[in-house]
Every structure is written in C-alpha cells, then in structure tokens.
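Here the structure is laid out as structure tokens; the discussion comes afterwards.
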Amino acid sequence: MKIYTRTGDKGDIGLIDGSRVGKDSLRVECYGEVDEVNACLGAARSQGVDADLDGLLAQVQRDLFALGAQLADPQARVGVRKAKAAVTPAHVKRLEEAIDAREESLPPLKAFVLPGGSPPGALLHFARTVCRRAERRVVALARHDEVDPLVMTYLNRLSDLLFVLARDANRRAGVAEDTW
C-alpha cells in the first residue's frame, strides 16, 4: 500500500463516515491539533524520560488517537464500533489520578511558572499549550456540530496533567522553576 492516495490533491479529505470535507474545515483542524499534541508528547518521550513517565505518555498518545478518531467521525459511531477509539470517564479518571499522584511531590504554587526548564519539562510545557489550543478549537466545533463532551473534558484534564508533568520533570532533573 502506498502512503499517497492522491484523493486530497484538490484540498479535501475523507472522514471516517465516508464524507469529504475541505482540509481547512474546523473538524479537520481539531483532529490536526490533537495530532500535534501527540507529536509533542513523542518529542518529550524522546528525551529519555523515566519508565513511569514514558508509560503514562504512551498511554496518553493512544488516547489521543482515540480522540482524533472521534473528531474525524461526524456520525459519532467509531467509538461504538472500535473499543480502542472510545473515550470514557475511566480515561479522564486515569488523568486525574496521575495529576494527584504527581502533585503530592511538588511544592505548592505561589506564582506563575514560566515554561521551560529541562528538555522534557520544556517539551511538556509546550505540549500543554498545544493541548489548550486543541481544546479551544474543539469547543468552537462543539458550538456548530456534535462533539462528545468527554473529548472536551479529556483535553481540559490533559492540559492540567501536562502542566504537573512539566513541573515534576523539572523537579526530577534538579531544575528550579522560574516564576513570574
């Protein structure tokens, strides 16, 4: 199978339900933003993070594929047909548990934290900002089209987790937080 299909050469793309839309449609933009978060997490993982963080980020990357599939399916049936494409309350709960577990080892926030620090920490901060952008675009899509509310909840919680993970990565690397 070749990687190129030529079907999008005129600026449109096929969605999971077989419909075609412009590559500049809000729906395509949403799952493109989610894909960008996923790539940021891959970059963070490439920095040699510990096994625990690597496993968590790998699971989040899988979840993001599920979110992307849901966003690419205007009929909202992909999660029913394929369990791995479903986003459930258990996915959100896993994020919350990861936040709670890592927050225990961090000093309380007393100021805004400037993004940066160690390479993994900086990339996790970057992933958080991309995740917030994805969330904003999904909210815009939900104003015009059907979007599973769990997709928005997941992205909201993920950005919180990424902030905590960035802080924790910097703490583990011995890099002090720069505050404003």
Side-chain angles (χ1 to χ4, degrees), residues 8 11-16 21-47 49 53-54 56-74 76 78-79 85-89 91-96 98-99 102-103 106 109 111-170 177-180:
D12 62 341
I13 190 166
L15 298 177
I16 288 177
V21 297
K23 289 183 178 182
D24 61 347
S25 78
L26 185 53
R27 181 168 295 280
V28 174
E29 186 177 340
C30 286
Y31 67 76
E33 296 285 356
V34 168
D35 190 37
E36 192 173 342
V37 176
N38 208 333
C40 289
L41 296 183
R45 290 179 67 201
S46 77
Q47 296 300 307
V49 298
L53 178 56
D54 187 63
L56 175 60
L57 293 178
Q59 182 58 58
V60 169
Q61 286 186 292
R62 287 179 185 88
D63 294 350
L64 290 173
F65 267 106
L67 261 68
Q70 287 195 357
L71 290 166
D73 180 19
V78 69
V87 177
T88 68
H91 290 84
V92 175
K93 184 171 176 45
R94 185 174 15 88
L95 298 181
E96 291 171 347
I99 292 168
R102 281 165 180 78
E103 243 182 348
L106 294 171
L109 283 174
F112 288 102
V113 175
L114 297 178
S118 67
L123 286 166
L124 289 165
H125 274 298
F126 182 62
R128 173 188 54 80
T129 65
V130 175
C131 185
R132 285 288 187 208
R133 184 175 66 224
E135 181 185 10
R136 289 189 302 269
R137 301 313 298 148
V138 170
V139 167
L141 177 63
R143 294 195 194 292
H144 306 287
D145 208 345
E146 189 70 27
V147 174
D148 183 346
L150 275 173
V151 170
M152 289 184 284
T153 301
Y154 186 94
L155 289 171
N156 187 37
R157 211 66 81 249
L158 177 58
S159 64
D160 294 337
L161 173 62
L162 293 172
F163 177 72
V164 169
L165 291 177
R167 291 187 70 211
D168 190 51
N170 287 334
E177 292 180 320
D178 195 3
T179 59
W180 178 76

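Just so you know, these numbers use all the heavy atoms, side chains as well, and skip hydrogens, waters and symmetry mates. From a predicted model like this one, the values you see are computed outputs, not experimental measurements.
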State the [atom1]-[atom2] distance between [X] and [Y], to the nearest 0.5 angstrom.
X    : Y    : atom1 : atom2 : answer
E103 : L109 : CD    : CG    : 7.5 Å
E177 : L106 : CD    : CG    : 7.0 Å
N38  : R62  : CG    : CZ    : 10.0 Å
D145 : L26  : CG    : CG    : 8.5 Å

Provide the closest heavy-atom pair for [X] versus [Y] in the form atom of the first, atom of the second, distance.
X    : Y    : value
D54  : R45  : OD1-NE, 2.6 Å
A66  : A86  : CB-O, 4.2 Å
C131 : L162 : CB-CD1, 4.1 Å
Q61  : G42  : NE2-N, 3.3 Å
V34  : G68  : CG1-N, 4.2 Å
H125 : L114 : NE2-O, 4.4 Å

Q: Report the C-alpha separation of V49 and L124 in whole Å, then their side-chain angles, then the decisive distance to 0.1 Å, and conclude whether the side-chain contact (heavy atoms from CB on, under 4.5 Å) test is met.
A: CA-CA 11 Å; V49 298; L124 289 165; 5.8 Å; no
Q. Can a salt bridge be assigned to the pair K93 and E96 using a cut-off of 4.0 Å between side-chain N and carboxylate O?
A. no
Q: Could you tell me whether R132 and D160 have a side-chain N and a carboxylate O separated by less than 4.0 Å?
A: yes
Q. Are L53 and D168 close enough, and set up right, to give a side-chain contact (heavy atoms from CB on, under 4.5 Å), and what steps lead you there?
A. CA-CA 10 Å; L53 178 56; D168 190 51; over 6 Å; no
Q: Evaluate the side-chain proximity of L67 to H91: yes if any heavy-atom separation is below 4.5 Å, no if none is.
A: no
Q. For the side chain of N170 and the backbone of G116, is there at least one donor-acceptor N/O pair under 3.5 Å apart?
A. yes
Q.
Whether the side chain of R27 engages the backbone of L71 through a donor-acceptor N/O pair (distance < 3.5 Å, no angle test) should be reported.
A. yes
(Q) Please determine whether side-chain contact (heavy atoms from CB on, under 4.5 Å) holds for the pair V37 and L158, giving the CA-CA distance in whole Å, both sets of side-chain angles, and the decisive distance to 0.1 Å. (A) CA-CA 10 Å; V37 176; L158 177 58; 4.3 Å; yes
Q) Who are the side chain to side chain donor-acceptor pair (under 3.5 Å) partners of R137, not counting sequence neighbours? A) E29
Q. Which residues satisfy the side chain to side chain donor-acceptor pair (under 3.5 Å) test with R128, sequence neighbours excluded?
A. none
Q | Worked check of side-chain contact (heavy atoms from CB on, under 4.5 Å) between L95 and V60 | A | CA-CA 9 Å; L95 298 181; V60 169; 4.0 Å; yes
Solution key, residues 147-154 side-chain donor-acceptor pairs under 3.5 Å, sequence neighbours excluded:
from	atom 1	to	atom 2	distance (Å)
D148	OD1	L150	N	2.9
T153	OG1	P149	O	3.2
Y154	OH	D63	OD2	2.7

